[in-house]
There are 2 protein chains.
Amino acid sequence: MLKEERQQAILNEVALHNRVLLTDIAELLDVSIDTVRRDVKELDAAQKLRKVHGGAISLGFTNQHTRNTNIYALTEKVKIAEKAVKLLKEGAVIFIDGGTTCLELARLIPENKKLTCFTLSLQVAFELLTKPNIEVIFIGGQLSRDAQIAIGPHAIHQLSEIRVDYSFIGTGYVDSLYGLTEFDWDIVQLKKAVIKAAKKTVLLCISEKLNSQHRYKTCDLNAINTMITELEPDNNLLNLFRDHDVRLL
Amino acid sequence: MLKEERQQAILNEVALHNRVLLTDIAELLDVSIDTVRRDVKELDAAQKLRKVHGGAISLGFTNQHTRNTNIYALTEKVKIAEKAVKLLKEGAVIFIDGGTTCLELARLIPENKKLTCFTLSLQVAFELLTKPNIEVIFIGGQLSRDAQIAIGPHAIHQLSEIRVDYSFIGTGYVDSLYGLTEFDWDIVQLKKAVIKAAKKTVLLCISEKLNSQHRYKTCDLNAINTMITELEPDNNLLNLFRDHDVRLL
DNA sequence: AAATAAATTGCAAAAAACTGCAGATTATAT
DNA sequence: ATATAATCTGCAGTTTTTTGCAATTTATTT
């Protein structure tokens with residue numbers, strides 16, 4: 001096997017799953033871990049992916065969530081997504097936001113579940129289309145290059161015309177006092193529209209985002225019905241959040 | 001065996017398999033490894049392939065094209081896309097349809113060209129997002145699982161509210177008498193809306209689709225301003241189409 | 001703090017690339 | 001047609017690259 005083929009295969013895996021473990025690649029391609037590690041090192045140097053402890057992650061996602069460079073944080077996202085999936089009732093109409101955690105949710109939706117899903121995210125849409133029983137509706141609009149989601153007034157207007165049972169959203173920052181905040185004004189406008197369109201809003205949020213805030217405010221905490229983290233609901237880190245009118249999962 | 005023959009044989013192998021091992025070539029052509037190495041070195045210098053440790057890979061290998069469908073059909077589609085790209089003026093507002101030929105067009109758009117592109121296709125959207133100077137707007141709607149494009153009344157309504165300089169569309173079937181036809185009723189409705197939204201419509205169509213028809217009609221041939229095939233405009237196969245009010249490229 | 005997993009380092013075997021050279025082939029000039 | 005020059009090809013020896021392994025260090029989890 002040629003080195004280039006191997007490296008291309010690694011890039012394909014990363015593009016497909018957004019993350020890979022070195023051990024998985026080694027087994028998949030039947031080469032030693034050392035070889036995979038060296039390949040990943042080169043690809044990292046060439047800016048084709050981002051090498052992290054234990055594996056590699058795609059560039060596109062780290063750009064926005066620069067904090068999240070830890071591959072184990074991704075397993076936390078799976079934990080969150082697993083909890084979220086349990087909220088999905090047969091036949092429900094839901095919205096799924098962009099971002100890695102929500103993408104994980106899209107992945108974990110069982111094949112046999114019948115759902116109608118709205119989304120703004122190209123990646124989520126792709127993922128959902130692989131499931132035969134899900135009707136996928138993409139909210140159109142101008143596409144943001146880095147997040148690969150539809151943004152802008154057009155998308156917001158589209159959102160104003162839909163009504164869903166559940167919105168599953170992520171956030172840049174969340175604080176018990178300041179609520180949900182973002183770095184980007186456009187994103188805030190969008191998320192406001194998403195929350196407005198939903199009967200109930202579920203926030204998916206890894207614990208490292210707790211007690212952080214930024215410039216623009218999406219909403220107060222009590223606009224959120226359920227907040228899901230990878231922690232157990234009785235964890236001390238969640239103390240400050242327990243007062244609010246938010247269900248913790 | 002002549003050097004030219006050998007090198008052509010090497011190029012053929014690369015075109016066929018996207019990659020070759022020097023040892024395999026040496027055995028196949030029954031020459032020494034050194035000769036093959038020298039040939040490959042020359043071909044690399046001539047930009048006909050890329051030499052790598054242990055072998056050679058095709059130039060496009062690292063990007064996409066790894067999915068190996070009919071390689072000849074692909075090159076035809078590239079030919080068509082190359083002609084289409086020349087129609088793109090700086091700053092134009094265009095629509096790009098789904099389908100492999102249109103996807104090829106999206107790929108071939110130069111990085112530095114400033115454009116505003118509407119599309120219904122997830123794949124085209126992804127491709128366009130890789131180019132920094134293109135504003136991409138996705139027409140939302142229900143997503144078709146197989147074609148991975150937005151369809152249905154919502155998408156059609158969105159299309160009714162936009163106006164573009166050029167629409168680049170594909171078709172299932174085209175006939176000099178019956179015009180453009182499709183197998184699928186919904187697709188026809190969509191394409192009608194696309195054509196309506198455009199000042200000028202360009203049809204991208206490989207020659208094997210010429211003189212074929214199906215159930216539902218999208219439009220007459222004269223609704224199309226330009227028809228691009230992989231053939232030269234004076235090819236006999238295009239005779240029947242020359243009468244109509246369509247520019248052939 | 002201990003246990004586990006991953007990264008790093010040095011090393012050796014194997015594969016591939018490079019180099020110079022000699023014989024063979026082809027092209028060119030007389 | 002023959003001599004000469006230029007090119008091509010295969011071989012052998014040397015150098016470089018790649019790869020896997022083991023020992024050590026570093027990072028992460030419980």
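Note on naming: letters A, B, ... go to the chains in the order of the sequence lines (proteins, then strands), and numbering restarts at 1 for each one. What you see is a predicted model, and the numbers here were worked out from it, not measured in a lab.
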Collect all protein-nucleotide pairs involving nucleotides 13-18 of chain C in which both atoms are nitrogen or oxygen and the distance is under 3.5 Å.
unit_1: C/dA16; atom_1: O3'; unit_2: B/Gly54; atom_2: N; d: 3.2
unit_1: C/dA17; atom_1: OP1; unit_2: B/Gly54; atom_2: N; d: 2.8
unit_1: C/dA17; atom_1: OP2; unit_2: B/Arg37; atom_2: NE; d: 2.9
unit_1: C/dA17; atom_1: OP2; unit_2: B/Arg37; atom_2: NH2; d: 2.4

Return the value, rounded to whole Å, for the distance between atom CG of B/Asp39 and atom P of D/dT7.
-> 16 Å
Would you please classify the geometry between the A/Phe183 ring and the A/His214 ring as parallel, tilted or perpendicular, with 30° and 60° separating the classes?
-> perpendicular
Kindly write out the residues that satisfy side chain to side chain contact (heavy atoms under 4.5 Å, CB included) with B/Asp24, not counting sequence neighbours, or none if the list is empty.
-> B/Leu21
Once you round it to whole Å, what is the distance between C1' of C/dA27 and CD of B/Glu4?
-> 15 Å
Mind checking whether A/Phe126 and B/Phe126 have parallel, tilted or perpendicular rings, split at 30° and 60°?
-> tilted
Greater than 12 external heavy atoms within 6.0 Å of A/Lys200's NZ = no
For the pair made of CD in A/Glu42 and P in C/dT8, what is the distance, rounded to whole Å?
-> 14 Å
From CD1 (B/Ile80) to OG (B/Ser207), nearest 0.5 Å | 7.5 Å
When rounded to the nearest 0.5 angstrom, what distance separates CD1 in A/Ile139 from OG in A/Ser121?
-> 12.0 Å
In whole angstrom, what separates A/Gln7's CD from D/dT19's C1'?
-> 14 Å
Could you say whether B/Asp30 or A/Lys3 is positioned toward the 5' end of DNA chain D, judged by the nucleotide with the nearest heavy atom to each?
-> B/Asp30
More than 12 non-hydrogen atoms from neighbouring residues, nucleotides or ligands closer than 6.0 Å to CD on A/Glu82, yes or no?
-> yes
Within this structure, what is the CZ-to-P distance between A/Arg38 and D/dG20, rounded to whole angstrom?
-> 8 Å
Compute the angle between the rotation axes at the two ends of the helix from C/dA1-D/dT30 to C/dT30-D/dA1, each taken over five pairs, rounded to 10 degrees.
-> 40°
In Å and rounded to the nearest 0.5 Å, what is the CG to CG distance from A/Asn222 to A/Asn225?
-> 9.5 Å
Between D/dC8 atom P and B/Arg6 atom CZ, what is the distance in whole Å?
-> 9 Å
